Q: 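Have a look at the structure that comes next, please.
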Amino acid sequence: QVQLAESGGGLVQAGGSLRLSCAASGRTFGNNVMGWFRQAPGKEREFVASINWYASSTNYADSVRGRFTITRDNTKNTLYLQMVSLKPEDTAIYYCAAREYGYRSTSSQSRDYAHWGQGTQVTVSS
């Protein structure tokens with residue numbers, strides 16, 4: 001089993017910055033690809049960013065490209081999402097997710113991720 005725990009959410013003003021963290025525990029070895037997704041009330045869950053084991057490949061949603069940066073520290077079993085120039089439309093619950101062992105693609109599809117955290121709320125005020 002893999003357990004994921006997000007942290008770092010909060011309330012910020014538009015234009016501000018926030019860094020999210022996702023700590024992984026349990027059977028994390030082999031979970032090469034990690035991702036961030038978000039979901040606002042009444043809306044579908046959407047892809048934010050993903051990264052492979054060696055951080056040699058990243059994938060970003062068009063809506064966050066240039067503003068968000070996904071990184072990982074495998075020695076700490078931690079995934080990060082650095083968010084800058086935040087906009088009110090970034091308001092959502094942010095989830096980290098991990099693909100199952102053996103999968104390589106930095107997929108943007110939530111159905112391709114087997115393990116999920118509980119989410120952390122990000123609110124951006126005008």
Side-chain angles (χ1 to χ4, degrees):
Q1 293 182 320
V2 176
Q3 294 83 44
L4 305 174
E6 304 94 335
S7 62
L11 174 64
V12 297
Q13 290 187 313
S17 301
L18 207 60
R19 188 184 74 163
L20 306 183
S21 299
C22 175
S25 60
R27 298 178 183 270
T28 59
F29 181 80
N31 288 306
N32 295 336
V33 176
M34 300 284 290
W36 288 98
F37 294 78
R38 66 187 184 186
Q39 187 167 25
K43 298 182 179 179
E44 294 184 24
R45 180 171 52 188
E46 66 174 347
F47 170 75
V48 177
S50 57
I51 187 169
N52 69 356
W53 180 255
Y54 293 105
S56 57
S57 180
T58 57
N59 191 11
Y60 292 94
D62 290 342
S63 60
V64 307
R65 190 183 306 277
R67 299 188 299 118
F68 292 9
T69 303
I70 186 171
T71 58
R72 66 192 298 166
D73 186 341
N74 293 333
T75 66
K76 298 180 179 179
N77 294 321
T78 302
L79 177 74
Y80 303 96
L81 185 68
Q82 180 66 52
M83 306 183 292
V84 300
S85 301
L86 283 162
K87 305 174 181 179
E89 52 262 45
D90 294 319
T91 296
I93 300 174
Y94 283 69
Y95 299 91
C96 67
R99 297 201 70 179
E100 196 59 270
Y101 174 82
Y103 294 90
R104 299 180 180 181
S105 174
T106 51
S107 174
S108 63
Q109 303 298 311
S110 61
R111 62 180 174 83
D112 288 337
Y113 291 79
H115 310 284
W116 294 82
Q118 82 288 348
T120 185
Q121 177 71 47
V122 172
T123 303
V124 184
S125 62
S126 301

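If you're wondering where the values come from, they're calculated on a predicted model, not measured in any experiment.
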Q: Among residues at least two apart in sequence or on other chains, which ones pass side chain to side chain donor-acceptor pair (under 3.5 Å) with Arg104?
A: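 Here no residue qualifies.
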Q: How long is the straight-line distance from CZ of Arg65 back to OG1 of Thr58, given to the nearest 0.5 Å?
A: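 The OG1 atom of Thr58 sits 8.0 Å away from the CZ atom of Arg65.
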Q: For Arg38 and Ser63, work out which heavy atoms get closest and say how close.
A: NH2-OG, 3.5 Å
Q: Quick check: does any side chain N or O of Gln118 sit under 3.5 Å from a backbone N or O of Glu6, one acting as donor and the other as acceptor?
A: yes
Q: Can you label the angle between the Trp116 ring and the Phe37 ring as parallel, tilted or perpendicular, going by 30° and 60°?
A: tilted
Q: Can you tell me if Glu44 has over 12 outside heavy atoms packed within less than 6.0 Å of its CD?
A: no
Q: Using the test side chain to side chain donor-acceptor pair (under 3.5 Å), find all partners of Gln121 that sit at least two apart in sequence or belong to another chain.
A: Thr123
Q: With sequence neighbours left out, which residue pairs that include part of residues 65-94 fulfil the disulfide (SG to SG under 2.5 Å) condition?
A: none
Q: Only pairs at least two apart or in different chains count here, so list each disulfide (SG to SG under 2.5 Å) that has a residue in residues 97-126.
A: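 Counting only pairs at least two positions apart or across chains, no disulfide (SG to SG under 2.5 Å) contact touches residues 97-126.
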Q: I'd like to check the ring pair (Phe, Tyr, Trp, His ring centres under 6.0 Å) partners of Tyr94; sequence neighbours left out, ordered by chain and number.
A: none
Q: With rounding to the nearest 0.5 Å, note down the distance linking CZ in Phe47 to CG in Asp112.
A: 11.0 Å
Q: Nearest 0.5 Å, please: how far is CZ in Arg99 from CG in Asn52?
A: 11.5 Å
Q: Hey, does Glu100 have a side-chain heavy atom less than 4.5 Å from the side chain of His115?
A: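 Side chain of His115 against side chain of Glu100, heavy atoms only: contact under 4.5 Å found.
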Q: Please evaluate residues Trp53 and Asn74 with respect to the criterion side-chain contact (heavy atoms from CB on, under 4.5 Å), reporting the C-alpha separation (whole Å), side-chain torsions for both, the decisive distance (0.1 Å), and the verdict.
A: CA-CA 8 Å; Trp53 180 255; Asn74 293 333; 3.5 Å; yes
Q: Looking at residues at least two apart in the chain, or sitting in another chain, which of them share a side chain to side chain donor-acceptor pair (under 3.5 Å) with Ser125?
A: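 Side chain to side chain donor-acceptor pair (under 3.5 Å) list for Ser125, sorted by chain: empty.
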Q: Filter on disulfide (SG to SG under 2.5 Å), then keep only pairs touching residues 91-126, sequence neighbours left out; what's left?
A: Cys22-Cys96
Q: Check Gly117 against Tyr95 and note the closest heavy-atom contact, atom names and distance.
A: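 Smallest interatomic distance, heavy atoms only, reads O-CD2, 3.6 Å.
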Q: Side chain of Gln39, backbone of Ala92: donor and acceptor closer than 3.5 Å?
A: no
Q: Who are the ring pair (Phe, Tyr, Trp, His ring centres under 6.0 Å) partners of Tyr60, not counting sequence neighbours?
A: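 In terms of ring pair (Phe, Tyr, Trp, His ring centres under 6.0 Å), with neighbours along the sequence ignored, Tyr60 is linked to no residue.
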Q: What disulfide (SG to SG under 2.5 Å) pairs are there with at least one residue in residues 42-83, not counting sequence neighbours?
A: none
Q: Side chains of residues 12-19: which donor-acceptor partners sit under 3.5 Å, not counting sequence neighbours?
A:
none

Q: List in chain and number order the residues that pass salt bridge (Lys or Arg N to Asp or Glu O under 4.0 Å) with Arg45, two or more places apart in sequence or in another chain; answer none if no residue qualifies.
A: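 Result, salt bridge (Lys or Arg N to Asp or Glu O under 4.0 Å) vs Arg45: none returned.
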Q: Quick one: pull up CE in Met34 and CG in Leu81 and give me the separation to the nearest 0.5 Å.
A: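 With rounding to 0.5 Å, CE (Met34) is 11.5 Å from CG (Leu81).
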Q: Report yes or no: do Tyr80 and Phe68 belong to one cluster of Ile/Leu/Val/Met/Phe/Trp/Tyr joined by side chain heavy-atom distances under 4.5 Å?
A: no
Q: Any side-chain heavy atom of Val122 sitting closer than 4.5 Å to one from Met83?
A: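 Yes, their side chains come closer than 4.5 Å.
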Q: Is a side-chain donor or acceptor of Ser56 paired with a backbone partner of Tyr54 at a separation under 3.5 angstrom?
A: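 Checked: no pair found.
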Q: Does a side-chain N-to-carboxylate-O contact under 4.0 Å join Asp90 and Lys87?
A: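 Not counted as a salt bridge, because no side-chain N and carboxylate O are separated by less than 4.0 Å.
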Q: Please give me the minimum heavy-atom distance between Tyr113 and Ser107, naming the atom from each residue.
A: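 Residues Tyr113 and Ser107, closest heavy atoms: OH-O, 2.6 Å.
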Q: How long is the span from the OG1 atom in Thr71 to the CG atom in Asp73, to the nearest 0.5 Å?
A: 8.0 Å
Q: Any chance you could measure Leu20, atom CG, to Gln82, atom CD, to the nearest 0.5 Å?
A: 8.5 Å
Q: Do you know the tightest heavy-atom contact between Ala40 and Thr91?
A: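 Smallest heavy-atom distance, with atoms named: CB-O, 3.8 Å.
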Q: For Ser126, enumerate each residue passing the side chain to side chain donor-acceptor pair (under 3.5 Å) test, keeping only those at least two apart in sequence or located in another chain.
A: none
